[in-house]
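Lettering of chains follows the sequences in order, A, B, ..., and the numbering in each one begins at 1. Only this structure's heavy atoms are used, side chains among them; waters, hydrogens and symmetry mates stay out.
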Amino acid sequence: MIELNGLTKKFSNGKGIFDVTFSIPKGEVFGFLGPNGAGKSTTIRHLMGFMKPSKGSALINGMDTWKDAAKIQEKIGYLPGEISFLDGMDGMAFLKLVGGMRGMKHTNYRDELIHRLQFDVKTPIRKMSKGMKQKVGIVAAFMHEPEVIILDEPTSGLDPLMQRIFIEIVMEQKEKGTTFLMSSHSFSEIERTCDRAAIIKDGKIVVVENIHDLQQKQRRLFDVTFASAEEAKLIKQSKLDVISVTENRAEIAVQGDYNQFIQALGDYQIRTIDIHEQNLEEVFLNYYDREANRS
Amino acid sequence: MNITLYAKMLKVHAKSISSYAIGSALYLLLIIGIYPSIADAPGLNELMESMPESFLAAFGMEGGFQHVSDFIAGEYYGLLYVVILSIFCLMTASQLMARHIDRGSMAYILATPNSRKKIAFTQALVLITGLLIIGLTTALAGVIGTEILIEDKPFEAMTFMNVNLVGILLFFVISGYSFLFSCLLNDERQALGLSGLLTIVFYGMDLVGKMSDQLDWMVHLSLFSTFRPVEIARGSVDVWPTATFLFLLGTVLYAVAILIFSKRDLPL
């Protein structure tokens with residue numbers, strides 16, 4: 001459904017995206033991971049036909065996203081990363097404008113989405129909070145039930161309850177065969193919904209893999225607090241990857257094999273275990289850098 | 001053209017269009033209203049004679065006023081009309097394209113199955129519609145105002161309409177290059193600044209050129225040399241060559257703007 005062949009865009013400052021290649025079959029939810037400034041939005045801008053590639057091409061449903069931009073939009077729903085609506089109207093007027101410009105006839109699904117996301121469509125856009133704008137944007141992207149939905153950082157600004165409703169909606173559409181491309185800078189945001197994911201760094205695709213393999217490769221850091229400082233010292237002798245020990249606390253890295261981690265800790269008196277929040281580079285890119293060095 | 005977008009955009013800009021139209025019409029009526037007292041004032045022509053000739057020439061007031069239409073043309077179309085319409089064209093043009101590109105809301109407009117040419121053409125039509133509404137309201141106010149407020153004074157309706165025709169076409173060109181900058185740039189303020197600067201330079205060249213004999217070549221480089229309200233009102237110039245020229249130039253500017261917008265990278 002979506003195909004990127006050696007998509008390259010070089011900006012005058014030397015940045016850009018280079019030889020981005022991946023394809024997404026129909027009905028797949030595809031995650032597009034990368035730290036800020038890695039080239040996620042630039043890639044999406046090409047898919048939307050906002051930019052002309054320096055080299056390579058992007059196809060949606062077999063059509064070139066630059067040349068056939070207007071035609072392709074019939075099949076696409078899009079949520080931009082930076083939410084900025086037209087001012088001087090309320091949420092409903094905006095949705096009606098976009099619907100009207102699409103020539104959309106049925107509004108049942110739109111109204112259902114508004115009801116489920118629970119927001120007041122009569123609020124003027126300039127008075128909306130970030131989360132509320134995000135909801136309006138999600139409705140605008142989904143309401144015409146397109147075949148392809150492209151979402152740039154979809155859950156930013158949504159509270160946990162709304163994130164869950166959003167995931168429900170994505171899953172329902174997936175059942176109907178909708179293809180998704182979803183960008184994010186955090187793995188946890190996409191691991192619940194995506195089948196496969198690509199990781200992009202400095203404009204280059206690092207890897208395209210399915211989510212389960214990525215979860216295996218994900219390196220998590222745990223802060224384990226023991227009952228005594230002696231126990232914390234003892235854990236260093238186990239097979240676990242102990243990064244540091246300070247008094248009765250140890251920082252332990254786990255990658256893939258959680259059973260070993262739990263079994264090893266079973267012999268100790270544990271007070272608490274905390275997951276160390278890490279950014280994407282720490283989770284994955286160290287791993288791929290090491291892989292690259294080894295080969 | 002996309003009807004939904006056109007209707008919505010016109011609605012968004014309706015407030016500013018109607019206030020410019022009403023403001024312009026009221027100013028014109030005010031000028032017409034003071035005409036009788038000025039025409040009957042004995043000191044006026046002496047006062048005019050006492051002023052430096054180049055100063056009068058700069059504002060198109062040489063030779064005094066014989067008709068209402070001359071007077072309106074000199075007093076209103078010579079300066080205030082130009083100011084009001086310039087502000088409208090510059091502001092609205094930068095809001096219709098550059099603002100949406102700048103803020104990113106253009107992404108939503110383009111994420112509909114409408115080509116960029118169609119979107120830009122629709123936005124251009126909104127600007128031209130606004131200009132026409134303001135221009136025609138002013139013209140109408142002039143005709144009706146003189147009918148009601150002035151008694152027994154010669155009023156040349158035909159030449160007055162010519163003043164309006166050339167005036168509207170002049171602003172068709174000014175809105176054209178403003179729209180061009182708006183399509184070309186990613187920054188709303190830059191678009192507004194550049195089109196504003198160009199307009200001020202044109203106006204300044206026209207003014208300086210008319211006042212100074214050494215610099216009169218400047219007049220010919222200025223767009224405002226096509227609009228001489230007092231001369232047109234006196235019927236001393238043939239307006240059709242100018243009108244055709246302005247119409248063609250404006251059309252080309254809009255066409256180039258739409259074409260550039262359809263071909264360029266957008267940072268949305």
(request) Select one option (side chain, backbone, both, neither) describing which atoms of B:Asn2 are under 4.5 Å from chain A's heavy atoms. (result) side chain
(message) Any heavy-atom pair between the side chains of B:Leu110 and A:Met48 that's under 4.5 Å?
(response) no
(message) Please identify which of these residues, B:Lys8, B:Met9, B:Arg99, meets the side chain to side chain contact (heavy atoms under 4.5 Å, CB included) condition with A:Leu86.
(response) B:Met9
(request) Nearest 0.5 Å please: distance from the CZ atom of A:Phe85 over to the NE2 atom of B:His100. (result) 13.5 Å
(message) Quick check for you: to the nearest 0.5 Å, what is the distance between B:Ser115 atom OG and A:Asp68 atom CG?
(response) 12.0 Å
(request) Let me know which of A:Lys9, A:His46, A:Arg45 forms a side chain to side chain donor-acceptor pair (under 3.5 Å) with B:Asp265. (result) A:Lys9
(request) Below 4.5 Å from any heavy atom of chain B, which atoms of A:Lys71 appear? Answer side chain, backbone, both or neither. (result) neither
(request) Please flag which part of B:Lys118 lies under 4.5 Å from any non-hydrogen atom of chain A: side chain, backbone, both or neither. (result) neither
(request) Could you look at A:Glu82 and say if it's the side chain, the backbone, both or neither that has a heavy atom under 4.5 Å from chain B? (result) neither
(request) Look up atom OH in B:Tyr108 and atom OH in A:Tyr78, then write down how far apart they are to the nearest 0.5 Å. (result) 8.0 Å
(message) Please classify the contact of B:Arg264 with chain A as side chain, backbone, both or neither, using a heavy-atom distance under 4.5 Å.
(response) backbone
(message) Check whether B:Thr112 reaches the backbone of A:Val98 with its side chain - one donor and one acceptor, N or O, closer than 3.5 Å.
(response) no
(request) Could you tell me whether the side chain of A:Met101 reaches within less than 4.5 Å of the side chain of B:Ile109, counting heavy atoms only? (result) yes
(message) Strictly less than 4.5 Å between heavy atoms, which residues of residues 119-130 of chain B line up against chain A? Please order them by number.
(response) B:Ile119
